[in-house]
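Reviewing the structure listed below.
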Amino acid sequence: MKVLMINKFLYPNGGSETYIFKLGDALKAHGHEVQYFGMEHEGRCVGNAVNAYTSDMDFHGGSKLSKLTYPIKTIYSSEARKKIRLVLDDFKPDVCHLNNFNYQLTPSIILEIRKWEKESKHKVKIVFTAHDYQLVCPNHMMNNPATHENCEKCGHGAFTNCTKGKCIHGSTAKSAIGTMEATFWKIKGTYKQIDTIICPTQFMKSKMDYNPVFKEKTVAMLNFIDAVEWKDTAKKNYVLYFGRFSEEKGIKTLISACRELPEIHFIFAGTGPLEDEMKGVKNIKNVSFQTGEALETLIREARFSIYPSEWYENCPFSVMESQMYGTPVLGADIGGIPELITVGKTGELFKSGDKADLKKQIQKLWSDKVLTDVYSQNCKDINFDTLEQYYQKIMRIYGS
């Protein structure tokens, strides 16, 4: 089988890139042919045989002239259509697997795939993995950055709410472009041409299903995680947060709770705009961004970790990773987080944004080492899909 992976970034940039690279490697390991289509970039590490990519679009830089043309290019891209056509003509894929494509590649590539299918008489299946809420929310987060409130106003197709709320970077102009982009493709009905939409959680599926067109196409399928060796690691007396230090992640609420629990030692590992908020909090140690063995050790040795998010998290890898390393998770009851924690077995939940409940649950877990040790041992039984298991499932989607 020939699979064309489509993603705007073709270099390590985030979760969607990790997804396409690892899935692509698994497909190739099983004898399938895989090529990639997206933007050109100096860091690009995958590609296609004809070296056809769209121009790199930097929304935060670039010349004045390029910035003037961006509003048009983010809605419809004739360049993307021309470049993907070169790949389609050469590679002749059986599956086009879309990932993050809005704004830089635009949904115009879907039109070109179907046009090529008709003209070449070569059947192609279009699969889309939803890494965020872009198809039902122009700012992709279902969260208004100005008010930090979760918002579902655009969920049923009333995209003008994006402009009213200045939901994209707090800018009326950028939000208006987002509204136009979403409305344009809604009117054209382009997303009807997608065969299957993979949602990494039931929660995301429920939000995507607001659109009756999507409801017939969505399937919930948790992301895969690398299998790790189980180790009975001696726990140390600290609670861990690892991730981004930002408002939507619930950092302000967590720091406030930490201030009121001076007897508990917290380690924060990460970076972000709210890094200064923890300065002067004596029981918080900020070890900055960690990776590899250093991060693994931090996770394995923690009594438990906290994931205090206040936005509609999709399928946070951090929650899965913590449990795979044998560390229970205290997670916010929001988005897809509850689907990843077995309450009373591998962790607990608290009411998102509720400092009092967060404090209560931290104290409960901290004061009962026997309980957290039991939760840690229970993590042995976690059955998140490995890449191989995920591969088996996605082949059924590709082939069905």
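Note that the coordinates shown come from a computational prediction; the quantities given were computed from them, not determined experimentally.
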Trace of the side chain to side chain donor-acceptor pair (under 3.5 Å) decision for Tyr391 with His32: CA-CA 12 Å; Tyr391 163 79; His32 304 287; 2.9 Å; yes
Salt bridge (Lys or Arg N to Asp or Glu O under 4.0 Å) contacts touching residues 249-273 (sequence neighbours left out):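 Qualifying pairs, neighbours excluded: Glu247-Lys252, Lys249-Glu313, Glu260-Lys355, Glu260-Lys359.
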Sub-4.5 Å side-chain heavy-atom contact between [X] and [Y]:
X      : Y      : result
Glu301 : Tyr238 : yes
Thr342 : Asp381 : no
Leu222 : Asp385 : no
Glu17  : Asn7   : yes
Glu277 : Leu274 : yes
Asn99  : Ile6   : no

Does [X] have more than 12 heavy atoms from other residues, nucleotides or ligands lying within 6.0 Å of its [atom1]?
X      : atom1 : value
Lys236 : NZ    : no
Lys217 : NZ    : yes
Lys153 : NZ    : no
Lys215 : NZ    : no

Under 3.5 Å, side chain of [X] to main-chain N/O of [Y], donor-acceptor pair present?
X      : Y      : answer
Glu117 : Val124 : yes
Lys235 : Ala302 : yes
Gln104 : Met39  : no
Asn48  : Tyr36  : yes
Ser352 : Ile334 : no
Arg44  : Val46  : yes
Tyr375 : Val329 : no

Minimum heavy-atom distance between [X] and [Y], given as atom pair plus value:
X      : Y      : result
Val319 : Gln323 : O-NE2, 2.9 Å
Glu33  : Phe91  : O-CZ, 3.6 Å
Thr372 : Phe304 : CG2-CD2, 4.2 Å
Pro107 : Thr190 : O-CG2, 3.8 Å
Trp230 : Ser376 : CH2-O, 3.1 Å
Arg303 : Leu365 : NH2-O, 3.3 Å

Distance-only polar pair, side chains of [X] and [Y], donor-acceptor under 3.5 Å:
X      : Y      : answer
Asn314 : His131 : no
Ser77  : Glu79  : no
Gln392 : His30  : no
Ser16  : Asn100 : yes
Ser322 : Thr327 : no
Thr54  : Glu40  : no
Glu275 : Asn286 : yes

Before giving the answer on ring pair (Phe, Tyr, Trp, His ring centres under 6.0 Å), spell out for Phe203 and Tyr312 the whole-Å C-alpha distance, their side-chain angles and the decisive distance to 0.1 Å. CA-CA 9 Å; Phe203 181 86; Tyr312 290 158; 5.0 Å; yes
Positive for side-chain hydrogen bond (donor to acceptor under 3.5 Å, both in side chains) with Thr218, one of Thr196, Asp209, Asn211: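 Of the listed options, the one satisfying the test is Asp209.
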Gap between atom [atom2] of [Y] and atom [atom1] of [X] - 0.5 Å precision:
X      : Y      : atom1 : atom2 : value
Leu298 : Gln290 : CG    : CD    : 5.5 Å
Cys151 : Asn161 : SG    : CG    : 6.5 Å
Leu4   : Ile84  : CG    : CD1   : 5.5 Å
Lys83  : Ser78  : NZ    : OG    : 10.5 Å
Ile341 : Glu348 : CD1   : CD    : 9.0 Å
Phe268 : Leu254 : CZ    : CG    : 4.0 Å

Are the aromatic rings of [X] and [Y] close, with centres under 6.0 Å apart?
X      : Y      : answer
Phe242 : Phe289 : no
His122 : Trp116 : yes
His41  : Phe9   : no
His140 : Tyr133 : no

With salt bridge (charged side-chain N to carboxylate O under 4.0 Å, His left out) as the test, would you mind laying out the steps for Arg114 and Asp195 before giving the verdict? CA-CA 11 Å; Arg114 288 306 183 205; Asp195 294 300; 2.9 Å; yes
Would you please test Lys207 and Glu152 for salt bridge (charged side-chain N to carboxylate O under 4.0 Å, His left out) and show each step? CA-CA 9 Å; Lys207 300 308 175 189; Glu152 302 181 15; 3.0 Å; yes
Go through the steps for Lys125 and Asp94 under the test salt bridge (charged side-chain N to carboxylate O under 4.0 Å, His left out), then give the verdict. CA-CA 6 Å; Lys125 188 162 191 177; Asp94 304 301; over 6 Å; no
After noting the C-alpha distance and the side-chain angles of Phe128 and Phe101, does the key distance pass the ring pair (Phe, Tyr, Trp, His ring centres under 6.0 Å) rule? CA-CA 10 Å; Phe128 170 59; Phe101 62 90; 5.5 Å; yes
Would you say Met324 and Val343 are hydrophobically clustered, going by side-chain heavy atoms of ILVMFWY under 4.5 Å?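 The answer is yes; both residues are in one hydrophobic cluster.
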State plainly whether one hydrophobic cluster holds both Leu371 and Ile382, where clusters connect Ile, Leu, Val, Met, Phe, Trp and Tyr through side-chain heavy atoms under 4.5 angstrom apart.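 No.
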Output yes when Lys279 and Asp276 qualify as a salt bridge under the 4.0 Å nitrogen-oxygen rule, no when they do not.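 Salt bridge present between Lys279 and Asp276.
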Salt-bridge criterion met for Lys364 and Asp368 (N-O under 4.0 Å):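 No, this pair does not count.
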In terms of ring plane angle, is the pair Tyr241 and Phe245 parallel, tilted or perpendicular, where the classes change at 30° and 60°?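 Rings of Tyr241 and Phe245: tilted, as their planes differ by 30° to 60°.
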Plane angle bin for His97 and Tyr19 - parallel if under 30°, tilted between 30 and 60°, otherwise perpendicular: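 The arrangement is perpendicular - the two ring planes meet at more than 60°.
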Determine, stepwise, if the pair Glu119 / Arg85 fulfils salt bridge (charged side-chain N to carboxylate O under 4.0 Å, His left out). CA-CA 11 Å; Glu119 292 176 353; Arg85 182 58 179 252; 2.6 Å; yes
